[in-house]
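In listed order, ligands and their atoms are each counted from 1. Note that the coordinates shown come from a computational prediction; the quantities given were computed from them, not determined experimentally. Side chains included, hydrogens not; waters and symmetry mates left out as well; all remaining heavy atoms used.
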Amino acid sequence: MNFTDFNFDQRLLDGLYSMGYDKPTPIQELAIPLIVENKDLIACAQTGTGKTAAYLLPILSKIVQTETRNLNTLIIAPTRELAQQIDQQVEGFAYFLGISSISIYGGTDGAAFDQQKKAMREGADIIIATPGRLLAMLTSAGKVDMSTLKHLVLDEADRMLDMGFNDDIMRIINYLPTDRQTVLFSATMPPKIRTLANKILKNPEQINIALSKPAAGILQQAFMVYDAQKIALVKHILTEKEHNSVIIFAGTKEKVKELNKELQRSKLSIKAFHSDLEQSEREDIMRAFKNKEVQILIGTDILSRGIDVDGISLVINFDVPPDPEDYIHRIGRTARAESTGTAITFINQKDQRRFFSIENLIGAEVPKLPLPTFLGEAPLYQPEVKEHRPFNDFKKNNGFKKKPKGVNHHTNHPTTHHSKPQ
Ligand code: AMP
């Protein structure tokens with residue numbers, strides 16, 4: 001199938017070709033005709049599948065054909081980074097179409113709030129917004145007219161519910177006309193998404209892009225480690241060979257800061273990305289990372305969804321993510337749009353049952369690599385064992401000399417095969 005099969009306006013085709021799009025991805029093949037036909041839609045698709053274009057292209061195609069131009073589409077996304085990225089994609093696709101968009105998100109100062117509100121009142125074809133800020137706009141003085149709205153898109157709906165935006169979304173929907181088309185994209189389909197969908201969609205079509213599987217181009221590997229070995233291991237991986245662009249995920253922002261401090265000493269080009277930074281700092285860091293001025297980014301799961309940076313060659317999970325789905329989102333930062341990349345996860349004893357759930361979810365065993373010998377012995381991967389003893393003995397011995405009591409060590413066999421989840 002080709003993009004020409006959708007009867008898109010030539011200027012829209014020119015825009016997407018100039019962005020390097022050649023053929024539609026599976027989610028685009030399925031979603032575009034349904035959205036063009038004005039059907040409500042629930043689509044289960046991760047980032048990396050081309051989901052953004054799957055809803056933007058048919059909507060842009062419809063906007064081009066409308067005679068009176070006013071606010072047409074509202075896209076709600078969980079984070080400002082994702083909102084900005086969607087906005088950039090609209091700009092690219094709509095380059096030859098003269099369709100306008102604005103993004104509305106929090107974390108900016110009062111002046112920016114007023115500017116965003118002014119832009120919203122002056123009008124645009126498409127508004128891309130995070131729920132909290134949009135609701136603040138809709139409920140503050142000075143009416144924003146939503147009555148002309150034809151399309152509502154909820155992007156990464158599961159993430160928005162995880163972030164506690166359910167009530168905000170429901171309140172926003174009260175401001176929207178009921179005869180709209182609603183499209184919901186979500187990486188996962190837990191029952192709460194179904195409940196939301198039942199409330200706000202009408203007879204939706206459903207698409208499921210065989211998900212919960214990482215892209216085939218990702219080489220997945222793991223190391224069993226004690227916590228005390230993690231920093232040395234991460235330094236080893238980063239310096240052993242050159243990596244273009246690396247993301248390191250850690251469980252909390254405190255850990256992100258701590259790891260950043262440790263790694264700054266190694267003269268690598270590194271930045272930490274966390275929610276304590278000002279919006280402008282976050283934007284500067286992200287820009288520098290995209291431009292490859294910064295080689296390594298350390299962050300929490302705030303980085304794991306939707307961040308669209310090409311050419312990330314390595315993702316390191318300093319901790320096993322608590323939610324198996326987050327593993328897929330984290331490692332999905334590499335190997336985007338059919339390129340290849342490596343994802344390495346550090347598993348301590350406490351996290352091995354979590355990692356086992358991840359392997360269950362992806363339907364594949366991730367090879368456990370042997371630790372470099374200078375790091376000493378690694379704990380054994382025994383996810384079936386419920387309780388693991390604390391490693392005070394190990395810590396007392398500075399990590400490497402004496403076996404912790406009650407634990408058998410072994411060295412895993414090296415393996416080079418690609419884990420290929422189906
Ligand atoms: P998304 O799933 O929307 O986050 O998209 C993932 C990446 O794939 C983005 O960099 C898109 O620009 C890119 N992409 C999406 N669709 C296509 C396509 N049909 N051809 C080439 N690249 C695409």
Measure from the side-chain N and O atoms of T52 to the backbone N and O of I86, and report whether any donor-acceptor pair falls under 3.5 Å.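 Side chain of T52 to backbone of I86, a donor-acceptor pair under 3.5 Å: no, none is there.
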side-chain contact (heavy atoms from CB on, under 4.5 Å) partners for A288, two or more places apart: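 Result, side-chain contact (heavy atoms from CB on, under 4.5 Å) vs A288: E293, V294.
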Quick one: does ligand 1 sit under 4.0 Å from the side chain of F93, the backbone, both or neither, non-hydrogen atoms only?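 Near ligand 1, F93 shows nothing, with every heavy atom at 4.0 Å or more.
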Using a heavy-atom cut-off of under 4.0 Å, does the side chain or the backbone of Q28 touch ligand 1, or both, or neither?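 Contact part for Q28 vs ligand 1: side chain (C-beta onward).
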Can you confirm whether more than 12 heavy atoms, excluding those of N2, are under 6.0 Å from its CG atom?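 Atom CG in N2 is crowded, with more than 12 foreign heavy atoms closer than 6.0 Å.
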Can you list the atoms of ligand 1 that are under 4.0 Å from a heavy atom of [X]?
X	value
T52	1 (P), 3 (O), 4 (O)
F3	19 (N)
K23	18 (C), 19 (N), 20 (N)

Give yes or no for whether the N/O distance cutoff of 3.5 Å, strictly under, is met between G50 and ligand 1.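 Yes; at least one N/O pair falls below 3.5 Å.
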Below 6.0 angstrom between ring centroids: does that apply to F374 and H236?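 Close enough - the centres of the two rings lie under 6.0 Å apart.
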I'd like to check the side chain to side chain donor-acceptor pair (under 3.5 Å) partners of R133; sequence neighbours left out, ordered by chain and number.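 If we apply the side chain to side chain donor-acceptor pair (under 3.5 Å) test to R133, skipping adjacent residues, the hits are T108, Q116.
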